[in-house]
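Have a look at the structure below, then the notes.
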Amino acid sequence: PFSDVRKKKGLRIFRRLFHADAQNWFFVVLLRGRLLLFRFFCCFSLRGFFAGDRAVCYNKRMRNTEMKKTEKEAKIFIASDVHYFAPSLTDFRESYFQQVLSVDAKMTENSPRIFSAFLEEVTQQTPDALILTGDLTFNGERVSLEEMMQELLPVRQRGISVFVLPGNHDIASSKAFCYKGDSVYPAEAVSQKKFRELCAAFGPERAIASDDHSFSYLAEVSPGLFLLALDGNTEDSPGSVKRETLAWADAQLAAVKRQ
């Protein structure tokens, strides 16, 4: 998507990639010799990137370079802002629809079916990895996150690596509710510690290295292809990557470059 980009346009794109215009911003960094820095807002396959297609790699001098051919292509599916909402949290009556009509609706009532259909497509396509960035849940309801992780187990059992990151809706949300009739009740939210407990199997537990200060981790997606997932939504530093995490990330990048 960045082929034949002129230097000035490339600089503007590069700046936008790092512009934190919302609390649920994140970075996904893929490394193979050089760094490819992306910000993802939708689901798509990166199949062409590692099959010798043209792409712009941003190095220190911001020069456009052509990716080298690799021995094996990697196919990666990426989805963001799923906003999964457990059906048990609502009877889809007055209080629920007042909520969704007052904000961005996100088709929340259909989120389980949409997510299920998406995972079916993923298993049929058999990518090397599936990456899910925040917001995973509607508003950080624990039961929503638990159900979502259960939905991901069959995907992993098919040999597809699954990696997740939290968004600003997922950690310590003050808007976690259940909606019954014309009433709204608090629902159990997810703390940073509980998120790590529920989602560790789709991140740190399968990683080469993980950060002690956040849900950030480094994983090898396929031989020679690394994923550096940076969490910018911790409880004590929402909407930004902590300094300790950035220092940890620098160390991981240096280690990968030495390989």
Side-chain angles (χ1 to χ4, degrees), residues 1-3 5 13-14 17-18 24-58 65-82 84 114-136 148-149 151-167 199-210 215-232 249 252-253 256-257 259:
F2 297 124
S3 58
V5 179
I13 293 174
F14 187 76
L17 290 172
F18 284 89
N24 64 334
W25 63 281
F26 55 86
F27 295 121
V28 175
V29 182
L30 299 174
L31 305 108
R32 193 190 286 272
R34 296 182 184 275
L35 301 183
L36 299 179
L37 306 177
F38 300 97
R39 187 175 180 192
F40 295 105
F41 293 95
C42 58
C43 168
F44 57 93
S45 169
L46 296 181
R47 182 169 188 152
F49 275 84
F50 308 107
D53 289 1
R54 287 179 58 87
V56 171
C57 302
Y58 293 98
T65 61
E66 221 175 279
M67 289 190 66
K68 297 179 181 179
K69 278 193 174 182
T70 61
E71 295 180 359
K72 179 182 180 298
E73 68 176 21
K75 182 163 64 173
I76 302 172
F77 276 28
I78 301 174
S80 180
D81 293 82
V82 175
Y84 187 97
I114 294 171
F115 190 57
S116 178
F118 168 66
L119 293 185
E120 183 178 349
E121 175 71 13
V122 171
T123 55
Q124 290 176 356
Q125 295 291 330
T126 61
D128 294 275
L130 167 63
I131 302 173
L132 298 175
T133 59
D135 299 315
L136 301 176
M148 190 180 197
M149 295 304 104
E151 290 285 327
L152 292 174
L153 288 176
V155 179
R156 195 177 66 181
Q157 291 168 356
R158 293 287 296 270
I160 301 170
S161 297
V162 182
F163 303 100
V164 303
L165 273 175
C199 304
F202 303 99
E205 285 185 1
R206 302 178 63 84
I208 299 171
S210 60
F215 197 76
S216 304
Y217 54 89
L218 175 71
E220 190 167 15
V221 176
S222 64
L225 179 63
F226 298 87
L227 166 69
L228 178 61
L230 297 183
D231 174 14
Q252 303 311 311
L253 293 174
V256 169
K257 288 179 180 180
Q259 293 187 13

Side chain of Thr123, backbone of Leu119: donor and acceptor closer than 3.5 Å?
-> yes
Report, as yes or no, whether the 6.0 Å neighbourhood of atom CZ on Arg156 holds more than 12 heavy atoms from other residues, nucleotides or ligands.
-> yes
Here the gap from Leu136 atom CG to Phe202 atom CZ, rounded to the nearest 0.5 Å, amounts to 11.0 Å
For the side chain to side chain contact (heavy atoms under 4.5 Å, CB included) test, which of Val221, Val155, Val122 pairs with Pro127?
-> Val122
For the residue pair Cys199 and Met149, what are the closest heavy atoms and their distance?
-> SG-SD, 3.7 Å
Please report the shortest heavy-atom distance between Arg206 and Ala219, naming the atom on each side.
-> O-CB, 4.4 Å
Separation between CG (Leu218) and CD1 (Ile208), nearest 0.5 Å, reads 4.5 Å
With a 4.5 Å heavy-atom cut-off, do Met148 and Glu151 have their side chains touching?
-> no
What distance separates Phe163 CZ from Leu165 CG, expressed to the nearest 0.5 Å?
-> 10.5 Å
Sorted by chain and residue number, the ring pair (Phe, Tyr, Trp, His ring centres under 6.0 Å) partners of Phe215 (sequence neighbours excluded) come out as Phe195, Tyr217
One should read off an interatomic distance between Ile76 CD1 and Leu227 CG, to the nearest 0.5 angstrom, of 7.5 Å
Side chain to side chain contact (heavy atoms under 4.5 Å, CB included) between Phe226 and Gln252, intermediate numbers included | CA-CA 10 Å; Phe226 298 87; Gln252 303 311 311; over 6 Å; no
For the atom pair CD1 (Ile160) and CG (Asp128), what is the distance rounded to the nearest 0.5 Å?
-> 9.0 Å
Gln125 backbone acceptor or donor facing Lys75 side chain under 3.5 Å = yes
Here the gap from Ser161 atom OG to Ile131 atom CD1, rounded to the nearest 0.5 Å, amounts to 10.0 Å
Side-chain contact test, heavy atoms from C-beta onward, threshold under 4.5 Å: evaluate it for Phe118 versus Leu132 and give yes or no.
-> yes
Side-chain donor/acceptor of Ser80 to backbone N/O of Gly134, under 3.5 Å | yes
